[in-house]
Number of protein chains: 2
Amino acid sequence: MSNVTISDVARKVGVSESTVSRCLSGFNVRNAEAIRKAIKELGYRPNLVARNLKSGRTGLVALIVPDITNPFFASIVRGAELAAGEDYMIQLINTGEQPEREEWAIQRMMGQVDGIIYVPSQEDSEAMTDVTDRSIPLVFVDRLIKNFRNIDSVLADNLTGGEMATQHLLEHGHTKIAHISGPLTSTPGKERAAGFARALKAHKIKEDSNYFVESDFTVLGGYQAMMSLLSLPTPPTAVFVANNQMTIGALKALKEKAIKTPEKMAIIGFDDHELTDLIDPPLTVISRDAHLQGAIAMQTLLERIKGGNQFPPKRIKVDVRLIVRGSCGSTCRHRETSTSNANKVLSASTRS
Amino acid sequence: MSNVTISDVARKVGVSESTVSRCLSGFNVRNAEAIRKAIKELGYRPNLVARNLKSGRTGLVALIVPDITNPFFASIVRGAELAAGEDYMIQLINTGEQPEREEWAIQRMMGQVDGIIYVPSQEDSEAMTDVTDRSIPLVFVDRLIKNFRNIDSVLADNLTGGEMATQHLLEHGHTKIAHISGPLTSTPGKERAAGFARALKAHKIKEDSNYFVESDFTVLGGYQAMMSLLSLPTPPTAVFVANNQMTIGALKALKEKAIKTPEKMAIIGFDDHELTDLIDPPLTVISRDAHLQGAIAMQTLLERIKGGNQFPPKRIKVDVRLIVRGSCGSTCRHRETSTSNANKVLSASTRS
DNA sequence: AAGTTATCTGCAATCGTTTGTAGCAACGAA
DNA sequence: TTCGTTGCTACAAACGATTGCAGATAACTT
């Protein structure tokens, strides 16, 4: 509602609009003082929309995430924001994992933002095909859409993560190990499940389909999945849960059934949480630097916005690490193992 | 980067730009079919920036919060987004409780958004005075800035909350009760501390300045505060912590010192958390509906955007309630007490 | 003092839409 | 036939800034 425009300022000082404009952009101007004074007195503030129309850029980046209430995504957003600096602001959209809403959001964002950082819910999404046509920079984070082969992405090393988690349970002597997976239509769901399978195979343990429950990354889903595992004739003695929300649900189920952890049931989660070392027992997890992941995504996007399609699509994977606490049985506390020690480096290794 | 404009479409069909424009806005147009076809073929998408310039509105609302990583603020944002519907999108800014960044953000937002929802960090902020001059709709959430008397706000009933928390500890027989407060320069910090004081007074317990630690709403702050309480010659037997982050810190301190809760130290927090019933012992808290608070804020803002300053400033307070778990001693589990039962109603009671 | 350069200024076009106004055709009513 | 109405359409003027261009002024040079 900026009532006062640049021409008001110009008129008051007695110069042309262009002079005021140039004064604002830092050029040398004769009546600079008077102009600044008039600007202050009138309370003039440049209309960014008009400026954007002329310049063709908006200084806005859309961040499309499933649910900001999930601390993991909140960290991604925070990391991205910090990496954006003062040049770009963030437009946030929660999709609730609903593909229709994702499509709506993308459609609506195009032509209003300079780029999009996108956490899609499903790997196969036909509806998104026309998005690529439009030449708006896009970066996938955490998950991707399969038929978009030429798009930048910043994922985690989910395969190794799933493998490490399962391996850890195996090392504690478990053989009846279950996996509560995310949707197998999503990148992390699929990859973590693959890591689970690979670790079992390496130890020559045949997969029991009863011990594999595909869920939906939600608290409720995790709760139900754990409940169904507990109702098996011979329940597992250890569970690898594929994300933080489902782990919470699973823990609630264990608590409700008064099942002792780790004695009766060892549990390992994916993605850490500020409270994980306060719960009973402290939760062992596979973790990664979500902040970093968001920052890299933003950095990649900004390069793409500046540089266009000059460089080939990047496919970055950030490292995961094992944080051992108490929920898988006795080990020295707080041992941390990382897939590499380049974890904190912003220029993370680009693989494959 | 929308290369193709409305005039490209017009030329292709052989009509004027205005006809295409009217077709898009739903008017009856002779060659509607041909126009729609051309739009599809050319991949035309209206330039929202240009449209906004003409219409004078951007369809954007800024949400300025301290830290989206705090689940409480994440819920506020989520609630606000849902209340915004499809008409308004959300632009998110984290301030990290830094007043300079808040000021920068506000300055930058004005002229780019239609309204601002704002969680300020300090009650006295001189720097913000020129913000009111500009007639851009603004709503305070959770906290406010004092010298802005004529601005809408959606706060919580902090006074009652602080009182209820302290009262709860008193009912468990505690007399040596400490308070880890937020910054007394912030609305909730001040009001919750006032509630604490009022409850003590009502029970004729004189305040011990050793038992009052002013902290900063952060995990680290809560940790340090609890540590300092524990190092007192006669430590308190119960603590009321003024927000969720500090409570986490305080719990970490207790855990580190291996102090049993609630036997050696009862603790009650402010604001709930998905994990509070999984920690050991489950945490008793004062809680409120953050989702609702965000939704009401957005609703108020939209009314203000539409209606201007026709109606007087609203000062809304949402109710708080006590959620009893285990951290204050044995009571029946999961008892809930609310200041009123109108909690879930979107049109919350407007007081004072 | 005259010529050359450097510095600043205003005009007008532009970014991509929307929208008021006037013109035009078609139609029914008198 | 003529007049008023209706229903579309095109033209052009906005919205509020930026910017190339040419003209004006000032500041040097010789």
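To find a chain, count down the sequence lines: A is the first, B the second, and so on, and within it residues start at 1.
Remark: C1' of C/dT18 and CZ of B/Phe27 are 10 Å apart, rounded to the nearest angstrom. At whole-Å resolution of the value, CD1 in A/Ile6 and P in D/dC15 are 14 Å apart. Taking atom CG on B/Leu48 and atom C1' on C/dC15, their separation rounds to 15 Å, with Å as the unit. When the P atom of C/dC15 is taken as reference, atom CG of A/Asn47 falls 18 Å away, rounded to whole Å. Protein atom CG of A/Leu24 is 12 Å distant from nucleotide atom P of D/dT19, rounded to whole Å. For A/Lys54 and C/dT17, the NZ to P distance is 15 Å, given to the nearest whole Å. Residue A/Ile39 contributes atom CD1, which lies 16 Å from atom P of D/dG16 at whole-angstrom precision. Residue A/Asn3 contributes atom CG, which lies 13 Å from atom C1' of D/dG16 at whole-angstrom precision.
Out of C/dG20, D/dT19, C/dT17, the shortest distance to the side chain of A/Arg22 is found at D/dT19. Distance from the side chain of B/Asn31 is smallest for D/dT9 among the nucleotides C/dT18, C/dT14, D/dT9. Among the nucleotides C/dG10, D/dA17, C/dG16, the one closest to the side chain of A/Val15 is C/dG10. Listed nucleotides C/dT17, C/dG16, D/dA17 differ in distance to A/Glu17; the shortest reach to its side chain belongs to D/dA17. Checked against D/dT18, C/dT17, C/dG16, the side chain of A/Arg51 finds its nearest nucleotide in D/dT18.
When heavy atoms are screened at a 4.0 angstrom cut-off, A/Asn52 is found touching no nucleic acid atom at all. Contact annotation for A/Val49: no contact, since no heavy-atom pair falls under 4.0 Å across all strands. If you check every strand for non-hydrogen atoms under 4.0 Å, B/Asp8 touches nothing.
Listed pair B/Ser16 / D/dA10 meets the phosphate criterion, a side-chain N or O lying under 4.0 Å from OP1 or OP2. In terms of phosphate contacts, A/Asn28 brings a side-chain nitrogen or oxygen within less than 4.0 Å of OP1 or OP2 of C/dC8. Dashed line: the shortest gap from a side-chain N or O of A/Thr19 to OP1 or OP2 of C/dG10 is under 4.0 Å. A/Ser21 has a side-chain polar atom (N or O) that falls below the 4.0 Å cut-off from OP1 or OP2 of D/dT18. The phosphate of D/dT9 (OP1 or OP2) has a side-chain N or O of B/Arg30 nearer than 4.0 angstrom.
By the 4.0 Å N-to-carboxylate-O rule, A/Glu86 lies too far from B/Arg108 to be salt-bridged with it. The residues A/Glu303 and A/Lys314 are annotated as salt-bridged, a charged nitrogen and a carboxylate oxygen being separated by less than 4.0 angstrom.
Counting atom types as modelled, B/Arg45 pairs no side-chain N or O with a base atom of C/dG16 as donor and acceptor under 3.5 Å. Not a single donor-acceptor pair, N or O on each side, falls under 3.5 Å between the base of D/dC15 and the side chain of B/Ser55.
For the pair B/Ala50 and B/Ser18, nearest-nucleotide mapping onto DNA chain D gives the more 5' position to B/Ser18.
Checking A/Ser21 against A/Ser18 by side-chain atom types alone, no donor-acceptor pair falls below 3.5 Å. Neither side chain, B/Thr185 nor B/Gln122, offers a donor N or O lying under 3.5 Å from an acceptor on the other.
Remark: A/Arg143 fails to qualify as a cation-pi partner of A/Tyr118 under the 6.0 Å distance and 45° angle criteria applied to the six-membered ring.
Although no hydrogens or angles enter the test, the distance criterion places no donor-acceptor pair under 3.5 Å between the side chain of A/Arg11 and the main chain of A/Glu17.
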